[in-house]
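Inspection log for the structure reproduced underneath, given as structure tokens.
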Amino acid sequence: MKFVQCKNCRHLNPIKSEYQIFCDACGKKNANNFKAWQQSNPNKNFEDFKNIVGVEFILPKEGKKKISFKQLSQKSSLILFFLTVLLIGYKYNTKLSLFFQELAPPIPELLEKQWKRHYYHKNKISFESPYFLEKIDMKNQLSEDIENLIQKMEHYAYTDHPSFNLSFTKIVHKEAVGVINLTGSSNTSMNHVVKTMNGTDFYATNTDTFVNQYPSIVKKGSFISDGNTIKFKSITCLKNDLTLLQLTTLWLGDNNNYVLLSDRIINSLDVR
């Protein structure tokens, strides 16, 4: 498949039709569209546009890794916002107690086990995970502008696995913010994560869904950071207009076990 890069956010959009104008990631009009290009190339058709302007999405060879995923994930704990996304630097100590299973079993073994369900927000939010997520103290970490938008925020993260990262964020916004744009929340958060990690070749797809009666978006894709292929999957859920929930997994490279691990965690999210 051929892709065309958005001139606003540099997202690679799959070329689907000649009427495609807006970027899938940022939602803005992309100057790299067929109709605009055809005005300068009146004798060319849509296939010419795909062949000339479109680019192939090619991942770098595995031998180009510069640093480990563990080092990448320990640089940052992902704090995801609907309007302004921060990447807070946070260092973790390696603790075997963060695993529910002794001695951190390999992923295939974890997939065969039953996992504990983690409960938040007076047991109204929960998901299954084989890992314990540590609560991050956000005191004095947020700017005054952000604090003025937020009534309450809780953030939890697990980053001790060498190739797999998991985080959960709950943000209750003040009423003055108004109704939150769910699509914008999902897109903006991951765009800022990629930008902060100096990511390139960003590709993502959105799938609208519901968690019980609450509208949600599942986002999955990949990007390149410091020579590493980082893949991700997240679910962003809007609860009662002002409460935003986001469960995010990231992992290193092509590994079907991590895909299965991520799917099981994301699919287990329950909101009451």
Side-chain angles (χ1 to χ4, degrees), residues 1-17 20-34 50 53-62 64-69 71-89 157 159 163-167 169 181-208 216-236 246-255 258-259 262-263 266:
M1 175 178 282
K2 291 294 186 72
F3 295 79
V4 62
Q5 190 174 66
C6 175
K7 288 192 174 182
N8 300 300
C9 69
R10 301 182 63 81
H11 172 68
L12 288 174
N13 294 273
I15 301 176
K16 302 174 184 176
S17 78
Q20 186 176 354
I21 296 177
F22 298 98
C23 175
D24 292 339
C26 68
K28 297 180 180 178
K29 183 176 181 179
N30 183 13
N32 274 335
N33 66 77
F34 171 67
K50 290 196 293 185
V53 179
V55 297
E56 296 281 352
F57 182 59
I58 302 175
L59 297 176
K61 296 181 179 179
E62 292 185 359
K64 294 184 178 180
K65 291 181 183 177
K66 296 180 180 179
I67 61 177
S68 70
F69 179 75
Q71 290 172 306
L72 279 174
S73 62
Q74 285 184 332
K75 285 182 178 180
S76 310
S77 178
L78 305 181
I79 312 299
L80 307 167
F81 291 89
F82 83 101
L83 180 62
T84 304
V85 181
L86 302 180
L87 209 86
I88 305 297
T159 61
S163 301
F164 189 86
N165 173 271
L166 171 64
S167 66
T169 304
N181 184 311
L182 179 60
T183 301
S185 304
S186 177
N187 290 342
T188 301
S189 61
M190 191 54 66
N191 287 343
H192 279 270
V193 169
V194 174
K195 182 178 180 180
T196 306
M197 295 178 72
N198 297 317
T200 60
D201 300 310
F202 175 46
Y203 171 68
T205 60
N206 288 345
T207 302
D208 295 326
S216 306
I217 291 179
V218 174
K219 180 184 290 292
K220 61 181 179 179
S222 64
F223 61 95
I224 308 300
S225 177
D226 290 331
N228 295 273
T229 301
I230 308 297
K231 298 203 171 184
F232 62 86
K233 186 173 184 179
S234 68
I235 185 166
T236 306
Q246 191 154 42
L247 182 61
T248 304
T249 57
L250 297 95
W251 63 93
L252 178 66
D254 291 311
N255 188 315
Y258 295 144
V259 175
S262 177
D263 287 347
I266 297 296

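A quick note: this is a predicted structure, and the numbers were derived from the prediction, not measured.
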Value for NZ (Lys233) from CG (Leu166), rounded to nearest 0.5 Å, stands at 13.0 Å

Closest non-hydrogen atoms of Lys231 and Ser222, given as atom of the first, atom of the second and distance, are CG-CB, 3.9 Å

Asp201 CG to Thr229 OG1 distance, which is reported to the nearest 0.5 Å
9.0 Å

I'd like to know if the side chain of Gln20 and the backbone of Pro14 have a donor-acceptor N/O pair within less than 3.5 Å.
yes

Is any side-chain heavy atom of Tyr258 closer than 4.5 Å to a side-chain heavy atom of Leu252?
no

Search all heavy atoms of Tyr203 against all heavy atoms of Thr205 and return the closest pair with its distance.
OH-CG2, 3.3 Å

Would Val218 and Asn206 count as a side chain to side chain contact (heavy atoms under 4.5 Å, CB included) here? Give the steps.
CA-CA 6 Å; Val218 174; Asn206 288 345; over 6 Å; no

Would you compute the distance between atom OG of Ser234 and atom CD1 of Ile266 and round it to the nearest 0.5 angstrom?
6.5 Å

Would you indicate whether the side-chain heavy atoms of Phe232 and Ile230 approach each other to under 4.5 Å?
no

Are the side chain of Asn165 and the backbone N or O of Leu250 linked by a donor-acceptor pair below 3.5 Å?
no

Any side-chain heavy-atom pair from Ile217 and Ile235 closer than 4.5 angstrom?
no

As an exercise, state the distance from CG of Leu247 to OG1 of Thr236, rounded to the nearest 0.5 Å.
9.5 Å

For Thr249, all residues meeting side-chain hydrogen bond (donor to acceptor under 3.5 Å, both in side chains), sequence neighbours excluded
Ser262

When rounded to the nearest 0.5 angstrom, what distance separates CZ in Phe3 from NZ in Lys50?
12.0 Å

Considering residues, nucleotides and ligands other than Lys219, do more than 12 of their heavy atoms fall under 6.0 Å from its NZ?
yes

Rounded distance [0.5 Å steps], OG in Ser17 versus CG in Asn33:
10.5 Å

